[in-house]
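This report concerns only the one structure given below.
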Amino acid sequence: MGGAASLPGSLLREGLADPHRLPEHLALLAVRRLGPVARRTADAEPPPTPAQVIRRGHRATVTEGAFVGGPFLLFIPVAFCAALLRQTRICLELAALTGRDPTTLDRAAELLVLQGVYDEVGTARAALDVHAPAPSRGVRPTALWTLVLRMARLLGLLTPDEPGTRPGRPVLVGRWLLLVAVIVVGTVAPLVWLPYMARSYDRATAQLTRRASRFYFPGESPPAEVPATGRRRRLNPSTLAGTGRAVLSLLVPAVLALGVVVADVRIASSRWPVLGIVLIAGSVVTGGAWWWHRHRAAKRAAAAAAAE
């Protein structure tokens with residue numbers, strides 16, 4: 001349990017040391033640490049179907065990416081790392097179901113191709129053969145910002161990688177502006193971040209699992225959990241739950257702000273400082289309550305798994 005929990009931190013440290021080589025760091029870490037997990041999944045009796053692997057992994061990516069990091073923007077890099085690792089685990093488990101060894105460099109190269117980093121496995125494998133870990137230089141603001149943007153691209157949150165569906169420049173600019181707007185608003189009301197990320201992970205993970213299904217099971221129809229491109233699909237229950245809870249939680253700071261206006265509370269004859277304090281405090285309190293709820297739920301789930 002502890003080793004799995006430390007994976008996002010390990011990826012974050014390696015990424016900060018060399019953010020431009022994040023995909024290679026991720027692929028190598030995944031086959032080394034998650035490859036054995038994928039092998040055990042495939043060796044289970046009875047083994048799961050590809051649809052079951054995708055369904056379980058898809059929901060876990062939404063949960064771990066949008067919720068494990070919590071509503072605080074400070075933890076965005078950790079949340080991104082958790083989502084990236086869960087996405088790669090889906091691919092490794094699908095590979096293991098076909099009889100491939102999920103712990104080899106070939107699987108790491110395939111991960112890089114599925115994520116759109118390289119066009120072919122041979123090129124990706126050559127890049128991995130010359131890859132070397134970079135020495136740690138501490139946390140540099142420029143490296144952190146580069147890493148966050150790199151992770152967002154790798155996750156598919158900013159630009160979809162589906163062939164023939166790449167949007168035009170206005171759409172791409174709009175998505176970047178939306179991401180920046182959510183971050184800015186999220187500094188005041190952290191719960192705004194959760195539904196946005198849940199929906200984004202839901203869409204991006206669906207795209208990745210479609211590519212992985214076509215790669216490892218060519219000629220077969222995609223599982224029911226991997227909707228075809230362009231087909232309208234039902235919202236994931238995790239997305240709906242996250243959106244509903246986030247909206248309800250946002251009512252707390254909103255009600256507090258309304259109370260300040262109605263009571264006409266002021267500091268130095270101005271209402272704005274009071275509103276700022278109330279909004280920030282209300283969002284932090286509700287965000288803390290959210291994190292505590294998720295932490296308790298994770299402990300209960302871990303205890304139930306151990307009991308089984």
Side-chain angles (χ1 to χ4, degrees), residues 4 7 23 26-27 29-66 82-121 124-125 154-157 160-165 198-239 301 305 308:
L7 279 180
L26 170 64
L29 182 66
V31 296
R32 187 170 68 248
R33 302 285 294 275
L34 296 178
V37 178
R39 179 186 292 154
R40 289 194 295 271
T41 298
D43 291 342
E45 290 295 340
T49 65
Q52 289 173 330
V53 165
I54 290 172
R55 181 175 61 249
R56 181 171 61 241
H58 191 131
R59 292 176 179 173
T61 300
V62 172
T63 300
E64 295 181 15
L84 281 168
L85 288 163
R86 199 58 184 83
Q87 283 185 349
T88 59
R89 178 174 165 181
I90 299 173
C91 298
L92 291 175
E93 289 181 347
L94 290 176
L97 289 178
T98 66
R100 293 175 171 89
D101 185 352
T103 64
T104 66
L105 283 180
D106 288 336
R107 302 294 85 74
E110 291 166 3
L111 285 173
L112 293 173
V113 172
L114 292 173
Q115 291 172 327
V117 181
Y118 296 98
D119 293 330
E120 56 183 24
V121 175
R125 178 58 192 267
L154 197 58
L155 281 165
L157 301 181
D161 294 323
E162 289 294 314
T165 64
R199 180 66 188 94
S200 299
Y201 286 132
D202 181 52
R203 174 182 59 83
T205 305
Q207 292 178 350
L208 177 65
T209 52
R210 278 195 296 270
R211 293 193 295 271
S213 295
R214 289 195 296 262
F215 187 90
Y216 291 116
F217 301 94
E220 298 185 15
S221 58
E225 287 73 18
V226 187
T229 304
R231 183 179 300 172
R232 188 176 182 85
R233 55 195 189 92
R234 294 175 295 176
L235 287 175
N236 189 290
S238 300
T239 306
E308 292 177 358

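Below, all heavy atoms of this structure are taken into account, side chains as well, without hydrogens, waters or symmetry copies. All residue numbers refer to positions in the sequence shown, counting from 1.
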Pairwise distance [atom1]([X]) to [atom2]([Y]) - rounded to 0.5 angstrom:
| X | Y | atom1 | atom2 | value |
| --- | --- | --- | --- | --- |
| Q87 | L26 | CD | CG | 9.0 Å |
| L97 | Q52 | CG | CD | 9.5 Å |
| C91 | Q115 | SG | CD | 7.0 Å |
| T61 | L84 | OG1 | CG | 9.5 Å |
| Q207 | L114 | CD | CG | 13.0 Å |
| R89 | T41 | CZ | OG1 | 5.0 Å |

Evaluate the criterion side chain to side chain donor-acceptor pair (under 3.5 Å) for residue pair E110 and Y216; output intermediate values, then yes/no. CA-CA 10 Å; E110 291 166 3; Y216 291 116; 2.6 Å; yes
T98 side-chain N/O to A95 backbone N/O, donor-acceptor pair under 3.5 Å: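 Answer holds: yes.
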Looking at V31, is its backbone amide N or carbonyl O close enough to the side chain of R107 to form a donor-acceptor pair, meaning the two atoms are under 3.5 Å apart?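 Checking the backbone N and O of V31 against the side chain of R107, no donor-acceptor pair under 3.5 Å is found.
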Of all the heavy-atom pairs spanning [X] and [Y], show the shortest one and how long it is.
| X | Y | result |
| --- | --- | --- |
| L94 | A212 | CD1-CB, 3.7 Å |
| I54 | S213 | CD1-OG, 3.3 Å |
| A96 | P102 | CB-CG, 4.1 Å |

Can you confirm whether [X] sits close enough to [Y] that some side-chain heavy atom of one is under 4.5 Å from a side-chain heavy atom of the other?
| X | Y | answer |
| --- | --- | --- |
| L208 | I90 | no |
| R56 | R86 | yes |
| L29 | L85 | yes |

Using a cut-off of 6.0 Å, state whether more than 12 heavy atoms not belonging to D43 lie near its atom CG.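 It does: D43 CG has more than 12 such atoms within range.
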Side chain to side chain contact (heavy atoms under 4.5 Å, CB included) for L7 and L34? Distances and angles first, verdict last. CA-CA 9 Å; L7 279 180; L34 296 178; 3.6 Å; yes
For T104 and D106, which I'm curious about, is there any donor-acceptor pair between the side chains at under 3.5 Å? no
Run T103 and R32 through side chain to side chain donor-acceptor pair (under 3.5 Å) and show every step you take. CA-CA 6 Å; T103 64; R32 187 170 68 248; over 6 Å; no
